Amino acid sequence: MAILVRILLWLTWLSAVGWFWHAGKFGTATAIALGALSLVVFAWPVSIARRRHNELRYVDMGKEPTGYH
């Protein structure tokens with residue numbers, strides 16, 4: 001769900017920049033810069049803490065393996 005929302009926000013951003021460029025409110029360089037900024041803002045990876053939430057983790061229970069004494 002979060003990815004879908006990010007994609008929809010990104011498309012909204014790009015369409016708004018395109019509309020302002022087409023209406024003459026933004027220059028070409030500004031529109032390209034805002035398009036590149038949209039990639040940085042919306043394509044930025046999710047934080048590491050959120051990504052690790054679904055990964056399997058090894059939990060050390062404080063037990064030593066037998067046979068190594």
Side-chain angles (χ1 to χ4, degrees):
M1 178 73 176
I3 292 176
L4 178 63
V5 171
R6 287 174 70 151
I7 291 172
L8 290 175
L9 282 173
W10 182 64
L11 290 174
T12 304
W13 177 304
L14 289 180
S15 63
V17 168
W19 185 83
F20 279 116
W21 174 76
H22 185 69
K25 302 291 183 187
F26 290 157
T28 303
T30 304
I32 291 171
L34 287 173
L37 181 63
S38 74
L39 288 175
V40 172
V41 171
F42 293 112
W44 195 267
V46 191
S47 70
I48 294 172
R50 187 176 288 178
R51 269 188 286 150
R52 287 188 182 166
H53 179 71
N54 293 332
E55 294 177 3
L56 295 175
R57 297 183 193 168
Y58 173 76
V59 178
D60 185 16
M61 299 300 289
K63 296 180 181 178
E64 295 181 18
T66 58
Y68 291 107
H69 295 309

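Note that these values count all heavy atoms, side chains included, but never hydrogens, waters or copies made by symmetry. None of the values given here were measured: they were computed from a predicted structure.
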| Thr12 versus Leu8, closest heavy-atom pair with distance |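 Closest approach of Thr12 to Leu8: OG1-O, 2.7 Å.
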| Which value, rounded to the nearest 0.5 Å, describes the distance between Phe20 atom CZ and Thr30 atom OG1? |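 If I round to the nearest 0.5 Å, the distance is 12.5 Å.
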same_hphob_cluster([X], [Y]) at 4.5 Å side-chain heavy-atom cutoff:
| X | Y | result |
| --- | --- | --- |
| Phe26 | Leu14 | yes |
| Ile32 | Trp21 | no |
| Trp13 | Val5 | yes |

